[in-house]
Amino acid sequence: MAIRDKLSGNEAVAIAMRQINPDVVAAFPITPSTEVPQYFSAFVANGQVDTEFVPVESEHSAMSACIGAGTAGARTMTATSANGLALMWEMLYIAASCKLPMVLSVVNRALSGPINIHNDHSDSMGARDSGWIQIYGENNQEAYDNCIMAVRISEVEDVQLPVMNCYDGFITSHAVENIELLEDEKVKDFVGKFEPKNYLLNKDEAIAVGPLAITTHYFEHKRQQAESMRNAKKAILEVSADFAKLTGREYGLFEEYKMEDAERAIVVIGSTAGTAKFVVDGLRAKGEKVGLIKIRVFRPFPSEELAKALAGVKAVAVLDKCDGFNAKGAPLFTETVSALYYGEAKPLAVNYIYGLGGRDVKTNDIDKVYADLTEIVNANKVDDPYRYLGVVEA
Amino acid sequence: MSKKFEHDIVPAYTPWQDTTPGGVITEAGNANEFKTGDWRAMKPIWNSDKCKQCLLCFPVCPDASIIVKDKKMTGIDYDHCKGCGVCVKTCPFNAFDFVPEGE
Amino acid sequence: MAYNLKETTQKPERLTGGHRMCAGCGAPVVVRTILRALKEEDHAVIGSATGCLEVSTFLYPFTAWKDSFIHSAFENAGATVAGVEAAYTSLKKQGKLDDTYKFIAFGGDGGTYDIGIQSLSGAMERGHDMVYVCYDNGAYMNTGIQRSSATPKYADTTTSPAGTAVPGKQQYRKDLTRVMIAHGIPYVAQSAPFKNFKDLYEKAEKAIYTPGPAFLNVLAPCPRGWRYESERLMELCEIAVDTCFWPLYEVINGEYKLTYKPKNKRPISDWLEAQGRFKHVAKNPEVVAEIQQVIDERWETLLRLCGEEA
Amino acid sequence: MGNMLEIRWHGRGGQGAKTASLLLAEAAFDTGKFIQGFPEYGPERMGAPITAYNRISDERCPIHSNIYEPDYVVVVDETLIDVVDVTAGLKETGGIIINTSKTPEEVKSKLKGYKGGVYTIDAREISMATLGRYFPNTPMLAAVVKVAKIMDEDTLIQSMEKSFHHKFANKPHVIAPNMEALKKSLSEVKGA
């Protein structure tokens, strides 16, 4: 059945791409995503895929070529990191506004400056409002699984939006771990054929894409785009349910870990969730009622569901692997708190900015957060909700 | 979602539910339905008797408004002609008059 | 088949009227001729950089393009159309498509010489089977006549205004055609709407039907930016060509060929005096002499490259 | 994670410490273990000190941090002992394996009073004798497998034979020398 292997996250994603066999991949090298187009170009060189690989001269052109290819009627994929994603910025918005299915694997890395090649989430979090669906994985298995599911999610008829498949640079991208792969045929069947409705290379109907839309039309276009993002939540759950039937691996909008009776909880994204689960197990063994929520889908943000999941806790710590520079709290925190505002209960909430520029996140760091939550519960108030974890203070 | 309009011409302030997904237009060349003739301050008038059918007026028109049928100039498409006068100036045989619009 | 203007009128119009370009604009004249060079049975996908041409021909919900058209941004027409071409190559290879498609990207000089040059260079270097056409009107006309690297020296633009201390743009124009020739692609040409359009049509035909990347740099007068009466479009092109401000030539696999040599080379003052943007220098003998010298040098270099006698 | 084994590798960029950690992960994976193999990435180029890690366990390990209290440390280049705190956090129930021609007793003095096991292997000599070139990976891998009892020797030999056949499919003549290097290393690790 499933194929047991040991792979790095980048290898796993490249294999997923081989199995998906997209029509076009256009990509530019940037650490730590570089290996994805490298591995993939070897598949191209060895005739293992039908893909036209376009080794562009910049990430801006990577996304531009993907937009050209996608609108032409090709199933299209790419990968990038950090400054590469930043250089794509303008085109990210355009891809989303064209309602263009596409999968971009974002190997999360800190944005310059100072220049730093290591992991945090400042790249994709900056792009959170570009109109892309964002799915985050904890490890190589999830990066692989999400890559395959992203293709389907992206192409759901009332969604038709591009998807970022995000996973942590180096920690996930370069670490070799056990993984279960699907057989090529199963992936092929799961993703199915790409059948775009309107496309440039339709000989029966020439189309025009990418208009100037002035005040009479622009707003309605954006409202329609917003609707697609609203529709995405259901689509993600449906595709994930199909994937679970195939693999037994269940995915939702987020993962609840030992949350049933939890009084203190951490909300976190990415590989740190694994480290935190280990800590939760330790504290649970000591009888502490702690739990964890790992956000999988950040766009669309699962507000109602998250508020419900946190309704029973007394205090929650939201961990952001990027700063928001609004002097008040980082993106996941502000989204979580605004979700709670409309929820049935409002637990005390605190934000920790952590792990910037690859600062290693140890089990002790997570221990400290749960300990702080205990203090917060005891005091029944949060003095300063905007905190840092692991930064060196004077 | 998305209502099909004639010539794919989505009117101004159309509800978002009815606008074309992703701003795609599927009726190629529907700009033909948009009349730019009212931009004209000056109007070229073609005099068929002076015309030698050299057809130089045809490629120089920015608005594809020189009507050519079976390799013969037959008239001007005033729905789209903006009155730039390039045809007037280019014609080696002075076959066009150029007069203020409305005269 | 030899060029015959009358025959070309039989071809379908691939850029319709009803677009919003200025009255007398040179760009749609260039575009119409280039598209006529397509075989009737061939499909095309046209791309455009953001600019006058794009915003005027695809103002929602109206498209003036009879073929499939894509616009995405300002600096990336090369990459965007390259992506479309890659999709075609892939789908064709997989047997998912059997019609013939041709790919043409248009960009103004701002979108080509300046902000778009990286994407253009990349697309040409990678060898996509596409044509990139620069309609060169010598400034950022879409945003209100700002100088570009294609703007001629001394031109008065809104970001190189003719002032009391500085008489307009202070740099000579970049020779983008030569830059593209340096890419070693199979076909590069410089053309303009000229006489009966034989030059432009034939170059477009070669560019489109030469396998691999091709680049056309085509002069496209802008009555507003250059400040001349709109009806003089063809006259302006003729002056540009006959003064050797804008020589007509092509380079096929590295071989230069002059496609038009003026019988009597006109003085550059004819070019300067024809346009309001040079009004402040057109009568200044020192400036005119300086420009004339540079025009002469560039022309002689070109003649040498084309194996012509001066 | 009851029986999780954590290993830290010290090497110099270009010497293959990262590759060695991945080979170890692969060998352990073949015995049905859950593994992690990851380098600590930086801008380091050839020659700079680098670190790589392994976790080997019976269950999937969710932790994604570096390793601070390893069970074993492998030093691929003995000159690093003078510049890197190689025994930092090293458990005294475990040990350190150093690539050197010296005996464990001779290097012990440089280990800041570390009281755990000290092992040495002359990977250079073994590599030169078997492969004719200096590739310390295979000897170091053999040494750590033996010292840390990651698997029995026969299992390692079978696993590596399979791996070499796959890896060197295009140059089968190097398989036998590599196998020889492996076996020689298993018998030449010194210390306890």
Side-chain angles (χ1 to χ4, degrees), chain A residues 21-26 28 44 49-76 78 90-91 93-95 97-98 100 193-194 196 198-214 216-218 220-221, chain C residues 14 20 43-48 50 54-101 103 105 116 118-123 125-126 128 130:
Chain A
N21 192 15
D23 300 308
V24 174
V25 169
F28 187 79
V44 175
V49 286
D50 298 313
T51 313
E52 194 64 18
F53 176 64
V54 189
V56 280
E57 82 299 332
S58 74
E59 288 89 351
H60 193 283
S61 283
M63 189 44 60
S64 300
C66 286
I67 290 170
T71 51
R75 185 177 265 158
T76 304
T78 184
E90 177 194 28
M91 303 318 297
Y93 282 76
I94 291 166
S97 76
C98 289
L100 198 55
K193 277 196 185 129
F194 181 43
N198 301 313
Y199 56 103
L200 297 169
L201 296 173
N202 180 353
K203 66 183 165 67
D204 300 322
E205 185 179 70
I207 65 161
V209 183
L212 164 67
I214 55 171
T216 50
H217 292 93
Y218 180 88
E220 285 67 33
H221 280 297
Chain C
R14 297 175 102 131
R20 328 288 179 95
H43 301 279
V45 177
I46 314 296
S48 177
T50 311
E54 189 278 323
V55 301
S56 303
T57 57
F58 191 18
L59 173 55
Y60 193 82
F62 295 100
T63 170
W65 304 90
K66 292 293 282 183
D67 295 287
S68 273
F69 174 81
I70 178 168
H71 157 258
S72 66
F74 191 6
E75 66 280 54
N76 64 352
T80 305
V81 174
V84 179
E85 189 265 355
Y88 172 70
T89 306
S90 174
L91 296 176
K92 192 128 187 172
K93 187 172 66 188
Q94 296 175 60
K96 292 180 183 171
L97 204 147
D98 50 16
D99 285 43
T100 299
Y101 274 84
F103 304 93
Q118 176 178 314
S119 146
L120 165 63
S121 177
E125 181 273 330
R126 290 191 301 272
H128 297 277
M130 61 180 277

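Letters A, B, ... are given to chains in the order of the sequence lines, protein chains preceding strands, and every chain is numbered from 1. Only a predicted model underlies this, so the values are computations on that prediction, with no experimental measurement involved.
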Under 4.5 Å from any heavy atom of chain A, what part of [X] do you find: side chain, backbone, both or neither?
X      : result
K66(C) : backbone
E85(C) : neither
Y88(C) : both
Q94(C) : side chain
V45(C) : side chain
D99(C) : side chain

Can you find a heavy atom in the side chain of P61(C) that is under 4.5 Å from one in the side chain of H217(A)?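 Yes, side chains in contact.
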Interchain contact, [X] with chain C, by part (heavy-atom threshold 4.5 Å):
X      : result
T71(A) : side chain
T76(A) : neither
I94(A) : side chain

Using a cut-off of under 4.5 Å on heavy-atom pairs, state which of S68(C), S72(C), A82(C) scores highest against chain A.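 Most pairs with chain A among the choices: S68(C).
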Can you find a side-chain donor-acceptor pair between S121(C) and E57(A) that sits under 3.5 Å?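 The answer is no; no qualifying pair exists.
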Donor-acceptor pair, K93(C) side chain versus D50(A) backbone, under 3.5 Å?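 Checked: pair present.
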Minimal non-hydrogen separation, L201(A) against V84(C), with atom names: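 Of all heavy-atom pairs spanning L201(A) and V84(C), the closest is CD1-O, 4.4 Å.
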